[in-house]
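These figures come from a predicted structure and were not determined experimentally.
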Amino acid sequence: MPTSHVKYHYIDDEAALVRMVTACSAHDVITVDTEFARSHTYYPEVGLVQIYDGENCYLIDPVAIGTLKPLAPLLEDSSVLKVFHACSEDMEVFQYAVGALPSPAFDTQIAAAAVGVGFSISYQNLVGHYLGIDVPKEETRSDWLQRPLTQSQLDYAALDVIYLLMVFNKQQAELTRLQRLDWVAEECGLLTSDIAIIVDPDQYYLRVKSAGRMSKAELNVLRILCAWREREARKQNIPRNRVIEEKALVALARAGAKDRDELRLAGLSERQLRKFGDDVLELLKLADARPESEFPEPIDDGTAVNIRNDQIKRLKQVVDKQAAVLGIAPEMLARRRHLEQLLRSGMTRGHYELPQPLSGWRKRAIGQHLLAALEANDP
């Protein structure tokens, strides 16, 4: 077991991991972090999992153990709150490596936004703000799959979760004082609802940014190509863009292709042409043969209707004013696309309705203010 001035237990066998799960299950709150690599794979390659229960810090070595499955009962234990920072990728790690998602979860990045410390604040800046500690960045991008891990890596990994609990405790006090615990609870309740690696491949086209501006015929092509790319990436465990870049998928959805030269013009590399060219051409033929009755419906993202800039500007002023009153970033309250959806509801339904992203705590914090501003300016 490695030794260090930072106290931790190095878990490198399954029996020790099971004992750790039992010990952590006796605590109400644990802090969690993961270190992984993903530059050449579709799925994350986990190098280390860190857990701190307020008394003991554990560094779990999945390379040595060979499995993280024993973590499942702890991750799913509803009596233990799992605290992370910016945990979207951590969720993918646990879904893939454990087959379980942490619940309930708390994200200190979301909490920081809710109390006005910063929107999408980095971990280093978060610790600096709350604890006055300068977290070294040297190990952030180091090789977590190498063995043995360096003493510097292990110290860094342990302090990550130790500091995180200290930050969490301070945030809890702030959220309680500001009466915003429910804000963070609502936001964190959505953390496990959109895990990219388990999205139905046939629905992956909905995640393409340009999809909201495409016709039904174009979406038909995009859906087929995206589903194929997603399945291929998962099967071969390679990044999506190693199969085909998203911009090439969009180009093919809009213009199609009949031969390899046209695929090349759409953006496929020579390697992609050699490996996937025939498949893509067959998929384009398949899309072309599909009856219009099977085309997907246009995506209702609020961009299909022209929204006047003066309308958006007026609503953004409402958001900015309320954000200043609450002492938080405007982005925490509403994004431009949410304002567009709100305006579009008035055009299509004859009355304004708050879109889903402006429901819940946002209805009270900003939604009702936006509706009042719209009603006051309607003829």
Chemist: Measuring only between side-chain heavy atoms, which start at C-beta, is P357 closer than 4.5 Å to R335?
Modeler: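 No. Closest side-chain heavy atoms not under 4.5 Å.
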
Chemist: With F84, which residues qualify under ring-ring contact (aromatic ring centres under 6.0 Å, His included), at least two apart?
Modeler: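 ring-ring contact (aromatic ring centres under 6.0 Å, His included) list for F84, sorted by chain: empty.
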
Chemist: Grab the two heavy atoms, one from P62 and one from V46, that are nearest each other, plus how far apart they are.
Modeler: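 In terms of heavy atoms, the two residues are closest at CG-O, 3.4 Å.
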
Chemist: Do K82 side-chain atoms and V32 backbone N/O form a donor-acceptor pair below 3.5 Å?
Modeler: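 Not a single qualifying donor-acceptor pair exists.
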
Chemist: Taking side chain as C-beta onward, heavy atoms only, is V208 less than 4.5 Å from C226?
Modeler: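 They are in side-chain contact.
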
Chemist: Do V161 and Y58 come close enough that some side-chain heavy atom pair is under 4.5 Å?
Modeler: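 A side-chain contact is absent here, since even the closest heavy-atom pair is not under 4.5 Å.
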
Chemist: Under a plain distance cut-off of 3.5 Å, with no hydrogens placed, do Q153 and Q146 share a side-chain donor-acceptor pair?
Modeler: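 The answer is yes; a qualifying pair exists.
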
Chemist: Might you confirm whether atom NZ of K216 has over 12 heavy atoms from other residues, nucleotides or ligands at distances under 6.0 Å?
Modeler: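 Counting other residues, nucleotides and ligands, NZ of K216 exceeds 12 neighbours.
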
Chemist: Taking all atoms of both residues into account, what is the closest heavy-atom pair of V318 and I366, and its distance?
Modeler: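 It is O-CD1, 4.0 Å.
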
Chemist: Considering only heavy atoms from C-beta outward, does the side chain of Q172 approach that of L181 to under 4.5 Å?
Modeler: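 Side-chain contact under 4.5 Å: yes.
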
Chemist: Determine, for R264 against D261, whether the closest basic-nitrogen to carboxylate-oxygen distance falls under 4.0 angstrom.
Modeler: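 Yes, this pair counts.
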
Chemist: Apply the test side-chain contact (heavy atoms from CB on, under 4.5 Å) to residues D33 and L164: give CA-CA distance (whole Å), side-chain angles for both, the deciding distance (0.1 Å), then the verdict.
Modeler: CA-CA 9 Å; D33 193 21; L164 194 58; 5.7 Å; no

Chemist: Give me each pair satisfying salt bridge (Lys or Arg N to Asp or Glu O under 4.0 Å) with a member in residues 237-257, each pair once, sequence neighbours excluded.
Modeler: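 Salt bridge (Lys or Arg N to Asp or Glu O under 4.0 Å) check on residues 237-257 returns E230-R240.
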
Chemist: Out of curiosity, N220 CG to L225 CG, how far, rounded to the nearest 0.5 Å?
Modeler: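 Reported to 0.5 Å precision, the distance equals 9.5 Å.
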
Chemist: Closest approach of A105 and L81, non-hydrogen atoms and distance?
Modeler: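 Of all heavy-atom pairs spanning A105 and L81, the closest is C-CD1, 4.0 Å.
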
Chemist: Are L358 and P355 side-chain neighbours, meaning at least one heavy-atom pair lies under 4.5 Å?
Modeler: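 L358 vs P355: side chains touch.
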
Chemist: Can you confirm whether I224 sits close enough to R290 that some side-chain heavy atom of one is under 4.5 Å from a side-chain heavy atom of the other?
Modeler: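 With C-beta onward as the side chain, the pair touches.
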
Chemist: Does a salt bridge link K285 with E282, judged by any charged N lying under 4.0 Å from a carboxylate O?
Modeler: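 Salt bridge: yes.
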
Chemist: Taking the basic N atoms (NZ, or NE/NH1/NH2) and the acidic carboxylate oxygens, is any pair closer than 4.0 Å for D320 and K313?
Modeler: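 No, no charged N to carboxylate O under 4.0 Å.
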
Chemist: Does atom CD of E294 have more than 12 heavy-atom neighbours from other groups under 6.0 Å away?
Modeler: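 Correct, the count exceeds 12.
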
Chemist: Roughly how far apart are W144 CH2 and L48 CG, rounded to 0.5 Å?
Modeler: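 Answer rounded to 0.5 Å: 6.0 Å.
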
Chemist: Determine whether a donor-acceptor pair (N or O, by modelled atom type, separation under 3.5 Å) exists between the side chain of R362 and the backbone of L333.
Modeler: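 Yes, R362 side chain to L333 backbone: donor-acceptor pair under 3.5 Å.
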
Chemist: Could you go through I328 and R180, starting from their C-alpha distance and side-chain angles, then the distance that decides it, and tell me whether this counts as side-chain contact (heavy atoms from CB on, under 4.5 Å)?
Modeler: CA-CA 12 Å; I328 62 176; R180 295 177 187 174; 3.5 Å; yes

Chemist: Going by distance alone, is a donor N or O of one side chain under 3.5 Å from an acceptor N or O of the other, for E174 and Y130?
Modeler: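 Yes, a side-chain donor-acceptor pair sits under 3.5 Å.
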
Chemist: What are the two closest heavy atoms between L268 and A248, and how far apart are they?
Modeler: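 Closest approach of L268 to A248: CD1-CB, 4.0 Å.
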
Chemist: Looking at CD1 of I11 and CG of D13, how far apart are the two atoms once the value is rounded to the nearest 0.5 Å?
Modeler: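 Result: 7.5 Å between the selected atoms.
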
Chemist: Where do N237 and T41 land on the side chain to side chain donor-acceptor pair (under 3.5 Å) test, with the steps shown first?
Modeler: CA-CA 5 Å; N237 194 22; T41 60; 4.5 Å; no

Chemist: Under a 4.0 Å N-O cut-off, is there an ion pair linking D12 with R147?
Modeler: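 Salt bridge absent between D12 and R147.
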
Chemist: Does F106 have any ring-ring contact (aromatic ring centres under 6.0 Å, His included) partners at least two apart in sequence or in another chain, and if so, which?
Modeler: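 Listed in chain order: F168.
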
Chemist: Quick one: pull up CG in D107 and CG in L190 and give me the separation to the nearest 0.5 Å.
Modeler: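 The CG atom of L190 is 11.5 Å from CG of D107, to the nearest 0.5 Å.
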
Chemist: Count the heavy atoms of every other residue, nucleotide or ligand shown that sit under 6.0 Å from CG of D310, and state whether that count exceeds 12.
Modeler: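 Atom CG in D310 is packed in, count exceeds 12.
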
Chemist: Please identify each residue that fulfils side chain to side chain contact (heavy atoms under 4.5 Å, CB included) with D278, with sequence neighbours left out.
Modeler: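 If we apply the side chain to side chain contact (heavy atoms under 4.5 Å, CB included) test to D278, skipping adjacent residues, the hits are R260.
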
Chemist: Does R274 form a side-chain contact (heavy atoms from CB on, under 4.5 Å) with R271? I'd like the steps, not just the answer.
Modeler: CA-CA 5 Å; R274 288 193 302 273; R271 181 193 62 79; 3.8 Å; yes

Chemist: Between E35 and Q50, is there a donor-acceptor pair closer than 3.5 Å when you use the side chain of the first and the backbone of the second?
Modeler: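 It does not hold such a pair.
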
Chemist: For V319 and R336: C-alpha separation, side-chain torsions, deciding distance, then whether side-chain contact (heavy atoms from CB on, under 4.5 Å) applies.
Modeler: CA-CA 10 Å; V319 173; R336 180 186 175 95; over 6 Å; no

Chemist: With no hydrogens and no angle check, is any side-chain donor or acceptor of H85 less than 3.5 Å from a backbone partner on I121?
Modeler: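 Checked: pair present.
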
Chemist: Nearest 0.5 Å, what's the OG-CE distance between S103 and M91?
Modeler: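 Reported value, rounded in 0.5 Å steps: 8.0 Å.
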
Chemist: Given 3.5 Å as the limit, does a donor-acceptor pair link the side chain of K275 with the main chain of V243, or not?
Modeler: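 Checked: no pair found.
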
Chemist: Between K235 and E232, is there a salt bridge with N-O shorter than 4.0 Å?
Modeler: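 The answer is yes: the pair qualifies as a salt bridge.
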
Chemist: With Y163, which residues qualify under ring-ring contact (aromatic ring centres under 6.0 Å, His included), at least two apart?
Modeler: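 ring-ring contact (aromatic ring centres under 6.0 Å, His included) check on Y163 returns nothing, list empty.
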
Chemist: Quick check: do L149 and D61 have side-chain heavy atoms less than 4.5 Å from each other?
Modeler: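 Contact flag for L149/D61 side chains = no.
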
Chemist: Look at the side-chain heavy atoms of Ile, Leu, Val, Met, Phe, Trp and Tyr, link any pair under 4.5 Å apart, and say whether L126 and V135 land in one connected group.
Modeler: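 Shared cluster, yes.
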
Chemist: Look only at the side chain of Q95 and the backbone of I197, and say whether a donor-acceptor pair between them is shorter than 3.5 Å.
Modeler: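 Absent.
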
Chemist: Can you see which heavy atom on P296 is nearest to which on Y205, and at what distance?
Modeler: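 That closest heavy-atom pairing would be CB-OH, 3.4 Å.
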
Chemist: Could you pull out all residues at least two apart from W228 that satisfy ring-ring contact (aromatic ring centres under 6.0 Å, His included)?
Modeler: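 Result, ring-ring contact (aromatic ring centres under 6.0 Å, His included) vs W228: F276.
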
Chemist: For L17 and L68, work out which heavy atoms get closest and say how close.
Modeler: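 Result for this residue pair: CD2-CA, 4.5 Å.
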
Chemist: Looking at E262 and K258, is there a salt bridge between them, counting it only when a charged N and a carboxylate O are closer than 4.0 Å?
Modeler: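 Judged by the 4.0 Å cut-off on N to carboxylate O distance, K258 and E262 do not form a salt bridge.
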
Chemist: Does Y156 reach the main-chain N or O of E138 with its side chain, forming a donor-acceptor pair under 3.5 Å?
Modeler: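 Answer holds: no.
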
Chemist: Rounded to the nearest 0.5 Å, how far does CZ of R234 lie from OH of Y96?
Modeler: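 Y96 OH to R234 CZ: 12.5 Å, rounded to 0.5 Å.
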
Chemist: With a 4.5 Å heavy-atom cut-off, do I299 and L219 have their side chains touching?
Modeler: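 Sidechains of L219 and I299: in contact.
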
